[in-house]
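The figures here come from the full heavy-atom set of this structure, side chains too, leaving out hydrogens, waters and symmetry mates. Source: prediction; values computed, not measured. By convention in this document, chain letters (A, B, ...) are assigned in the order of the sequence lines, proteins followed by strands, and residues within each chain are numbered from 1.
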Amino acid sequence: MFDIRAIREDAAAFDAGIARRKLDPIAEQLIEIDKRRRDAQTVAQELQTRRNELSKIIGMKKGKGEDADAEMKEVSDSKDAQAAAEETAKAAGDELEAILCTIPNIPAEDVPEGEDEDDNIELRTWGEPKDLGFEAKEHFDLGEALGQMDFETAAKMSGARFVILSGALARMERALSGFMLDLHTTENGFTEVNPPALVRDHALYGTGQLPKFEADLFKMEEGLYLIPTAEVPLTNILAGELVDEDTLPRRYTAMTWCFRSEAGSAGKDTRGMIRQHQFTKVEMVAVTKPEDSDAEHERMIGCAEEVLKRLELPYRVVSLCLGDLGFSAKKTYDIEVWLAGQGRFREISSVSNCGDFQARRMKARYRPSEGKGTNHVHTLNGSGLAVGRTLVAIMENYQQEDGSIVVPEVLRPYMGGLEKIEA
RNA sequence: GGAGAGGUGGCCGAGUGGUUGAAGGCACCAGUCUUGAAAACUGGCAAGCGCGCGAGCGUUUCGAGGGUUCGAAUCCCUCUCUCUCCUCCA
C-alpha cells in the first residue's frame, strides 16, 4: 500500500517505480480521485464548522429560554449539501483504496532488470556439489525405495500433492525443524512463536496475499484461511499496533505447516515433495525501523544461509529480478540449494524486505524516541528454511550408491544418534 | 450449538444526550529537590485527515455502519470482534 501524499508530491517517481513492474502510469488518475476526495472533504468540513457553531448558539439560546428557530432552520437547510459532500468524499476514498491495494510494492533501486527466474543475478555460491561417483537418484525414488515416502497412499486420502513420510524420514523432518528453531533462537536472536494456522481475511490483506491472490489459498467454510506461510501470522503480530521505538527490532521465528492450493502451478513438479499442498517451514520475521531494514535484510539472509552451511549443503544466493519479485517485496534474495538428483539448484528459501508496504496495510507503527508523530515500521520475512525441501536436499546430496542416506552430523543429536537411513 | 456480558486514548479504566478529546491511574518527557539515582512534587503528553509558506486553524475519531436529535461515547437498529457460563471436544 502506498501513501497517496507521497504520490501527490512526486507522481513521476511513482509511475517510474511501478513501470519497473510493467504497470502503466496511474498516478495522474489516483491524484484526480484524491483531489475529488479532498475537495469534497473540505466542503463537508466547512459546513460542519458552521453547524457546530450553530449548535452551540442553539444550546445557549435554549438554555436561556430564547427563540432559536432561525439557527435551527439554517442547520436543517444545510444538511443535504453536507451529506452529499461527505458521500462524495467517502466514495472517492474507497475508490482510491480499491486501486491502491492491488498495486505491488515498488522495487528497490538495486533490484536487477529481468523477466523471469532465468534473469536472477547470482550473488555468491557456497560449497561444491559432491561427485557421488554414481548416477544420483531423485529424492522420490530414494524415498520410495526406502519404504518411507509414500505418495500413493497419501493420494488415496488427500489427492495429489500430498505425501506420507514414515520412519527415519519422518523423524528427520522433525529433527530439521528442531535444529533450525534452535539455531535461530539460541544464536540468531529470534523469539520462537507458535502461531495460529488459520487466520482471518484482514490478516492476509495486511501481508498482501489478499485481495489479489485468493486463488492460491485454502479457505474454510467458516471464512478462515489456512496460512500459506507463517509470514502471515508472525507479521500480523504488530498489526494495528503503535509501539515504542526501543522495542524494535522484533524478531520472530516459527515452525508451521503451510498450505497452498497452487492453482496456477498445475504441471510443475508433479512428482515428489518439491511442490505440495501442505509443507513444513521454519519462518523468520523481523520488524524494524525504516533505517534498519536493509541491514536486517542482509542479516536475515545470513541466518538462513547458516542453516545450509551447518548441514553442509551446497547453495547459491540470487537476487530476484524485477519479473520474479513478489507482490509485497521491494527486494528479495533467494537461496537455491543443490539437488544432486535433479542436477540443478532449486529454491529453498526466500528472504524479502517489504519496507513499509505491509506495515501501511496493517497499520503497524512505532513512536520515535525523539521528535513528534508516528512512523510505519518496516517488515521482513524469510524462510529459514523450507523443511520439506531441505529434507529433499539432504536425501539427494547425502545418498549412497546402495540407496541409503547418510545423516548430516548436526542432525544426529536430533535423531538419537542415527548415522544412516536404510531400508 | 445454547445463554449472557462487553468493545473508550500507548496501556488500565471512569463516564447513560449539551465546553467530554474525553476524569483518574500507569507509562513516557521536562522541571524542582538530590553528590547521583530513587521517591516525592510541578508541568507536559492521542491519532488520522483537510486548509495554510508559516506560528497555526478546522474537522474527524470512544469496535464498524446506519438511524433519532439543533446537539450522541452516551438513545435505537444492523454487523463485527472479545469475554464468561452451559454443551461438545484435543
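- To the nearest whole angstrom, the two C1' atoms, one in B:A14 and one in B:G9, are 13 Å apart.
- A distance of about 11 Å separates the C1' atoms of B:U68 and B:G17, rounded to the whole Å.
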Next item on the list: For nucleotides 56-66 of chain B, just jot down a letter per nucleotide in 5' to 3' order: B, S or -, based on protein non-hydrogen atoms under 4.0 Å.
Entry: --BSS------

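- At least one side-chain nitrogen or oxygen of A:R8 sits closer than 4.0 Å to the OP1 or OP2 atom of B:G50.
- Between the C1' atoms of B:G15 and B:G67, the separation comes to 23 Å (whole Å).
- A:L176 places none of its side-chain heavy atoms less than 4.5 Å from the side chain of A:Y414.
- Using a 4.0 Å cut-off between a side-chain N of Lys or Arg and a carboxylate O of Asp or Glu, A:R271 and A:E138 do not qualify as a salt bridge.
- If you measure from atom CZ of A:R36 to atom P of B:G50, you get 16 Å, rounded to the nearest angstrom.
- Taking atom CD of A:E241 as the reference point, atom C1' of B:A46 lies 15 Å away to the nearest angstrom.
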Note to self: Pair A:F259, A:F279 - check ring-ring contact (aromatic ring centres under 6.0 Å, His included), show working.
What the structure shows: CA-CA 7 Å; A:F259 301 90; A:F279 60 97; 8.4 Å; no

Next item on the list: Assess whether salt bridge (charged side-chain N to carboxylate O under 4.0 Å, His left out) is satisfied between A:K22 and A:E115, documenting all intermediate values.
Entry: CA-CA 10 Å; A:K22 295 195 178 305; A:E115 300 291 318; 3.5 Å; yes

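- Atom C1' of nucleotide B:A27 and atom CG of A:L242 are separated by 13 Å, given to the nearest angstrom.
- Comparing A:D39 and A:R365 along RNA chain B, the residue whose closest nucleotide (by nearest heavy atom) sits nearer the 5' end is A:R365.
- In this structure, A:F2 has its ring center under 6.0 Å from that of A:F357.
- Comparing atom distances between the A:T374 side chain and each of B:C49, B:G10, B:G48 picks out B:G48 as nearest.
- Distance CZ (A:R367) to P (B:A46): 9 Å, rounded to an integer number of Å.
- Put simply, NZ on A:K363 is 12 Å from C1' on B:A47, counting in whole angstrom units.
- In terms of heavy atoms, A:P233 sits closest to A:I227 at CD-CG2, 3.8 Å.
- Considering every non-hydrogen atom in both A:P408 and A:M172, the closest pair reads CD-CE, 4.3 Å.
- Not one side-chain nitrogen or oxygen of A:R37 sits closer than 4.0 Å to the OP1 or OP2 atom of B:C49.
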Notebook entry, point to check: For RNA chain B, what is the dot-bracket line, given that a base pair needs Watson-Crick (N1 to N3, plus N6-O4 or O6-N4) or G-U wobble (N1-O2 and O6-N3) geometry with both distances under 3.5 Å, and | means paired with another strand?
Noted result: ((((((((.[[[..)..(.....]]].(((((.......))))).((((((....)))))).[[[[[..)....]]]]])))))))....

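- For the pair A:L325/A:R21, a side-chain contact is recorded, criterion being any heavy-atom separation below 4.5 Å from C-beta on.
- The two residues A:Q209 and A:P228 have their closest heavy-atom pair at CG-CG, 4.2 Å.
- Comparing A:D3 and A:D244 along RNA chain B, the residue whose closest nucleotide (by nearest heavy atom) sits nearer the 5' end is A:D244.
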Note to self: For A:F213 and A:F327: C-alpha separation, side-chain torsions, deciding distance, then whether ring-ring contact (aromatic ring centres under 6.0 Å, His included) applies.
What the structure shows: CA-CA 10 Å; A:F213 306 103; A:F327 180 78; 5.4 Å; yes

Nucleotide N/O of nucleotides 77-83 of chain B paired with protein N/O under 3.5 Å:
unit_1 : atom_1 : unit_2 : atom_2 : d
B:C81  : O3'    : A:R200 : NH1    : 3.4
B:C81  : O3'    : A:R200 : NH2    : 2.8
B:U82  : OP1    : A:R200 : NH2    : 2.8
B:U82  : OP2    : A:R200 : NH2    : 3.3

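- One P atom belongs to B:A39, the other to B:C12, and the distance between them is 23 Å to the nearest Å.
- Taking atom P in both B:U34 and B:A38, one finds a spacing of 15 Å when rounded to whole Å.
- Put simply, CG on A:L47 is 15 Å from C1' on B:C51, counting in whole angstrom units.
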